[in-house]
S.K.: 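Got a structure for you, questions after.
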Amino acid sequence: MLKAAAAVNIGLPSVAGLGLAQPATTALLQPAEIKGVCAETRSSPISAETAVRRGFLDRYCAALKADPDGFALGQYDATMMALDAVAHEAVDAAAVTRALYNANYNG
């Protein structure tokens, strides 16, 4: 849609969803095609404001040879939360669900 709008020079501001904030999506577009477009975004793992996030970023980049997108950090934290629940004796899906519901996780 953004390519088509840019091609006919509509000139109206656009609001896009989370997908536009992902490097893989913006790589498909030219800068002129996203000029004036606003998109929602999640956390920015490449910002790495804390030592914990810098560690995550370093490990991610070393393993995958790419920068993480806005989904990567949430997926990592969700996995770590589930693994923590299992490590604390959540032995079935219901127990993991209860552990996640009651968790206070600082990802």
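Computed over heavy atoms, backbone and side chain alike; hydrogens, waters and symmetry mates excluded.
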S.K.: Hey, can you pull the donor-acceptor pairs under 3.5 Å for the side chains in residues 91-103, sequence neighbours left out?
M.R.:
unit_1: Asp92; atom_1: OD1; unit_2: Ala94; atom_2: N; d: 3.3
unit_1: Asp92; atom_1: OD1; unit_2: Ala95; atom_2: N; d: 2.8
unit_1: Thr97; atom_1: OG1; unit_2: Ala93; atom_2: O; d: 2.9
unit_1: Asn102; atom_1: ND2; unit_2: Arg98; atom_2: O; d: 3.0

S.K.: Taking only residues two or more places apart in sequence, or in another chain, which ones meet Tyr105 in a ring-ring contact (aromatic ring centres under 6.0 Å, His included)?
M.R.: none
S.K.: Show me the side-chain donor-acceptor pairs of residues 79-86 shorter than 3.5 Å, one per line, residues at least two apart or across chains.
M.R.:
unit_1: Thr79; atom_1: OG1; unit_2: Gln75; atom_2: O; d: 2.9
unit_1: Asp84; atom_1: OD1; unit_2: His88; atom_2: ND1; d: 3.3

S.K.: Apply side-chain contact (heavy atoms from CB on, under 4.5 Å) to Cys61 and list each qualifying residue two or more places apart in sequence or on a separate chain.
M.R.: Leu57, Asp67, Pro68
S.K.: Determine which pairs satisfy salt bridge (charged side-chain N to carboxylate O under 4.0 Å, His left out) with at least one residue from residues 11-20, sequence neighbours left out, and list them in order.
M.R.: none
S.K.: Distance-only check: which donor-acceptor pairs under 3.5 Å involve side-chain atoms of residues 2-20, not counting sequence neighbours?
M.R.:
unit_1: Lys3; atom_1: NZ; unit_2: Leu28; atom_2: O; d: 3.3
unit_1: Lys3; atom_1: NZ; unit_2: Glu33; atom_2: OE1; d: 3.2
unit_1: Lys3; atom_1: NZ; unit_2: Glu33; atom_2: OE2; d: 3.4

S.K.: Could you list the residues that satisfy side-chain hydrogen bond (donor to acceptor under 3.5 Å, both in side chains) with Arg59, not counting sequence neighbours?
M.R.: Tyr76
S.K.: For the residue pair Ala72 and Tyr60, what are the closest heavy atoms and their distance?
M.R.: CB-CE1, 3.7 Å
